[in-house]
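Here's the structure, in structure tokens; my notes come after.
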Amino acid sequence: MSNVKAGTHVGSPAAPAAPAVSNFIRQIIEADLASGKHGGAVVTRFPPEPNGYLHIGHAKSICVNFGLARDYGGRCHLRFDDTNPVKEDVEYERSIKEMVEWLGFSWGEHLHHASDYFDTLYAFAEHFIERGLAYVDSQSADEMRANRGTFEKPGVDSPFRNRSVEENLRLFREMRDGKHPEGAHVLRLKIDMASPNLNLRDPAIYRIRFAEHHRTGNRWCIYPLYDYTHCISDALEGITHSICTLEFEAHRPLYDWILARLIESGKLKPPAPQQIEFARLNVSYTVMSKRKLLELVATGVVSGWDDPRMMTLVGLRRRGFTPASIRLFAERAGVSKAHQWIDMAELERALRDDLDPKAPRAMAVTDPVRVIIENWPEGQVERLSAPVHPHDESRGRREFLIGREVWIERDDFRPAPEKGFFRLVPGGEVRLRYGYIIRCERFETDQAGKVTTIHATYDPATKSGTPGARNVKGAIHWVAAADALPAEFRLYDRLFRVPDPDAEGGDYRDHLNADSLKVLRGWVEPTLSDATPETSFQFERLGYFCADRVDSRPGQLVFNKAVGLKDGWK
Ligand code: ATP
Ligand code: MG
């Protein structure tokens with residue numbers, strides 16, 4: 001039915017999820033705007049390394065960076081930090097772009113790659129050498145590590161630290177020209193081997209790597225390192241606020257040092273971008289490190305990067321999380337410097353809050369038991385209807401049949417009910433939503449005692465909506481055998497049994513939840529016949545389900561359970 005399709009909601013524009021709550025980053029930006037520091041500009045960037053799929057933590061960073069640009073009328077760049085040719089891949093780039101757009105953000109003209117700046121980065125490196133601020137070090141990696149010192153112990157100067165500018169230039173050019181094997185030399189900044197900040201102890205900025213780069217091919221056999229590349233890339237792009245996670249706090253003095261040197265020699269224009277750190281997002285009952293996500297995929301624990309149990313954005317999307325729900329989640333999580341550990345329930349709550357006003361309703365029976373209504377004439381059906389959305393009549397009504405045979409949820413019948421069970425019991429009555437009250441007369445079981453058929457009678461005077469019709473306490477969802485469509489339901493639970501699988505000791509995989517996927521076969525009402533993949537529905541009394549974007553098609557419906565109706569498991 002077309003009115004069900006009209007409920008499709010994904011891809012709403014990335015409007016602020018809620019009035020933006022102030023935070024320390026906003027305060028910095030507002031102060032800069034007030035003082036005119038960057039001439040009124042707010043330019044941020046999201047700088048993923050294209051070496052994996054994005055996860056919910058990245059979504060947080062995307063929402064922060066693109067959200068600030070949106071709220072302050074600035075812009076946000078998407079920059080691939082592609083300085084490590086060994087681990088990077090165009091497939092990851094494609095997926096990252098797709099996910100940023102899916103979240104509702106746009107980088108406009110500003111898609112950049114750190115590799116766009118390889119020439120400039122190289123020229124600046126020679127400039128550092130010429131100023132006596134960089135040298136080629138020929139110590140082995142082990143020697144370099146040993147001489148770096150520790151928090152307690154200052155480092156030791158390299159024996160190559162005082163090479164002449166000429167020798168450094170010659171060696172660096174030979175490195176560039178492929179004259180030296182990997183590991184033979186690195187280029188280091190000459191800062192201070194005794195600095196209390198280890199990042200300032202002559203950090204390496206270039207290393208030799210005979211590897212093909214996915215964009216620059218074999219043009220380079222030396223590659224710049226992250227700390228050197230990142231600040232310069234920021235400055236070249238006119239980034240005003242370079243927002244990153246807390247582990248970079250101790251790198252900030254190096255970020256500032258490099259840019260200050262280039263500004264003082266006129267290579268870059270002031271003011272330098274300001275690096276600002278916030279706490280990374282962690283979510284309970286999951287792992288987020290790229291290595292572990294990759295391991296789960298590679299060892300077949302999950303079906304792929306887009307397995308709906310994964311906290312990857314492709315996984316969350318497939319499960320039925322909407323862009324708006326993820327933006328809402330990120331907004332609610334807020335920005336701070338304090339360690340941030342957020343319960344998975346918050347993510348689920350955001351999805352419910354997003355879907356409740358939008359998702360069309362439908363009835364689905366995931367674990368069916370047949371009910372035969374014995375006083376319903378054989379071969380006769382009646383057309384019933386229900387609102388597409390209970391709070392929005394303008395969305396119209398959905399129609400379905402009722403007949404002699406209906407399917408109900410196994411869990412809605414108890415042969416021997418416990419106290420307070422208001423659904424169907426032997427001799428008891430229950431309302432079939434939008435239909436009639438039925439009474440259970442008897443039931444059949446198989447040899448194992450499993451209920452196979454319920455025999456019932458209905459009361460024709462109790463049709464829903466009939467003025468003065470009597471009612472009963474329980475009302476259950478159902479579908480008619482006459483028009484229900486078969487469907488597969490994939491019910492997901494948390495991938496791990498414990499909130500923090502990393503902190504439990506042993507291997508994080510020891511804490512996998514063996515029951516995190518349950519596949520059921522049942523029935524859905526006929527309005528779902530053309531359910532567009534990736535459309536979300538509220539299956540009445542069951543939760544929010546999404547037509548699987550990979551496997552679901554007309555005639556072969558597959559629904560993923562995204563989240564239950566209430567907080568809590570299942
Ligand atoms: P890697 O260990 O490979 O660097 P990463 O998760 O930091 O992994 P990046 O591609 O470097 O991956 O991340 C891109 C951006 O996303 C960075 O600015 C990073 O700080 C941010 N980011 C990554 N994880 C989180 C998280 N859990 N919460 C908030 N921001 C995050
Ligand atoms: Mg990183």
Side-chain angles (χ1 to χ4, degrees), residues 23-25 43-69 76-97 99-100 103 105 107 111-115 214 225-227 229-231 233-234 237 239 241-252 255 273-295 305 310-316 326-327 329-344 346-347 500-502:
N23 58 50
F24 76 98
I25 300 182
V43 186
T44 56
R45 85 284 169 267
F46 173 62
E49 195 180 341
N51 65 350
Y53 291 88
L54 298 181
H55 55 58
I56 186 70
H58 295 119
K60 167 75 186 282
S61 176
I62 292 169
C63 291
V64 167
N65 281 295
F66 282 93
L68 289 169
C76 180
H77 298 187
L78 174 61
R79 183 197 314 139
F80 289 108
D81 164 31
D82 57 350
T83 50
N84 182 353
V86 185
K87 291 197 277 172
E88 294 157 4
D89 194 71
V90 277
E91 159 56 16
Y92 294 130
E93 285 201 10
R94 188 201 56 73
S95 171
I96 289 169
K97 285 195 273 188
M99 284 301 105
V100 173
L103 279 174
F105 297 109
W107 51 85
L111 175 64
H112 302 293
H113 289 82
S115 56
H214 71 281
L225 284 138
Y226 177 85
D227 279 335
T229 308
H230 200 79
C231 54
S233 306
D234 280 348
E237 289 177 18
I239 302 297
H241 301 86
S242 178
I243 297 157
C244 61
T245 37
L246 275 180
E247 69 273 20
F248 291 102
E249 198 165 24
H251 297 238
R252 190 182 345 123
Y255 184 104
Q274 179 183 357
Q275 176 180 304
I276 306 169
E277 310 87 15
F278 72 98
R280 47 173 66 221
L281 172 82
N282 293 292
V283 179
S284 62
Y285 295 98
T286 189
V287 293
M288 276 196 314
S289 105
K290 280 178 192 162
R291 180 180 65 78
K292 289 173 188 163
L293 294 175
L294 179 63
E295 218 161 59
W305 287 100
M310 294 273 275
M311 281 295 117
T312 50
L313 294 181
V314 280
L316 288 165
I326 291 174
R327 293 194 302 266
F329 171 72
E331 189 75 38
R332 285 175 177 171
V335 170
S336 80
K337 286 212 180 249
H339 185 65
Q340 201 173 36
W341 195 272
I342 297 195
D343 200 282
M344 177 100 93
E346 284 302 308
L347 189 56
D500 185 0
D502 286 320

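Indexing begins at 1, ligand by ligand and atom by atom, following the structure's order.
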Stepwise side chain to side chain donor-acceptor pair (under 3.5 Å) test for E91 and Y53
CA-CA 9 Å; E91 159 56 16; Y53 291 88; 2.7 Å; yes

Candidates H113, H214, H230 - the one meeting ring-ring contact (aromatic ring centres under 6.0 Å, His included) with F80
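Testing F80 for a ring-ring contact (aromatic ring centres under 6.0 Å, His included) against H113, H214, H230 leaves exactly one candidate, H113.
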
Would you mind listing which atoms of ligand 1 come within a distance below 4.0 Å of any non-hydrogen atom of [X]?
| X | answer |
| --- | --- |
| N51 | 3 (O) |
| T245 | 19 (C), 20 (O), 29 (C), 30 (N), 31 (C) |
| F46 | 14 (C), 15 (C), 16 (O) |

I56 and ligand 1 - part of the residue with a heavy-atom distance under 4.0 Å
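No part of I56 comes within reach of ligand 1.
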
Inter-residue atom distance I96.CD1 - N51.CG, 0.5 Å rounding:
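It is 7.5 Å, given to the nearest 0.5 Å.
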
State the CZ-CG distance between F248 and D227, to the nearest 0.5 angstrom.
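Nearest 0.5 Å value for the CZ-CG distance: 7.5 Å.
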
Does a salt bridge link [X] with [Y], judged by any charged N lying under 4.0 Å from a carboxylate O?
| X | Y | answer |
| --- | --- | --- |
| E93 | K97 | no |
| R252 | E277 | yes |
| R332 | E346 | no |

Selection from [options] by shortest heavy-atom distance to [atom]:
| atom | options | value |
| --- | --- | --- |
| atom 24 (N) of ligand 1 | H230, K290, M311, R280 | R280 |
| atom 21 (C) of ligand 1 | G52, S61, A333 | S61 |
| atom 18 (O) of ligand 1 | P47, A279, P50 | P47 |

N/O to N/O below 3.5 Å, does that happen between E49 and ligand 1?
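E49 vs ligand 1: N/O contact under 3.5 Å present.
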
Any N/O pair K60/ligand 1 closer than 3.5 Å
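No - when backbone and side-chain N and O of K60 are compared with those of ligand 1, no distance drops under 3.5 Å.
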
Answer with yes or no whether Q340 contacts ligand 1, where contact means a heavy atom under 4.0 Å from a ligand atom.
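For ligand 1, residue contact (heavy atoms, under 4.0 Å) with Q340 is absent.
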
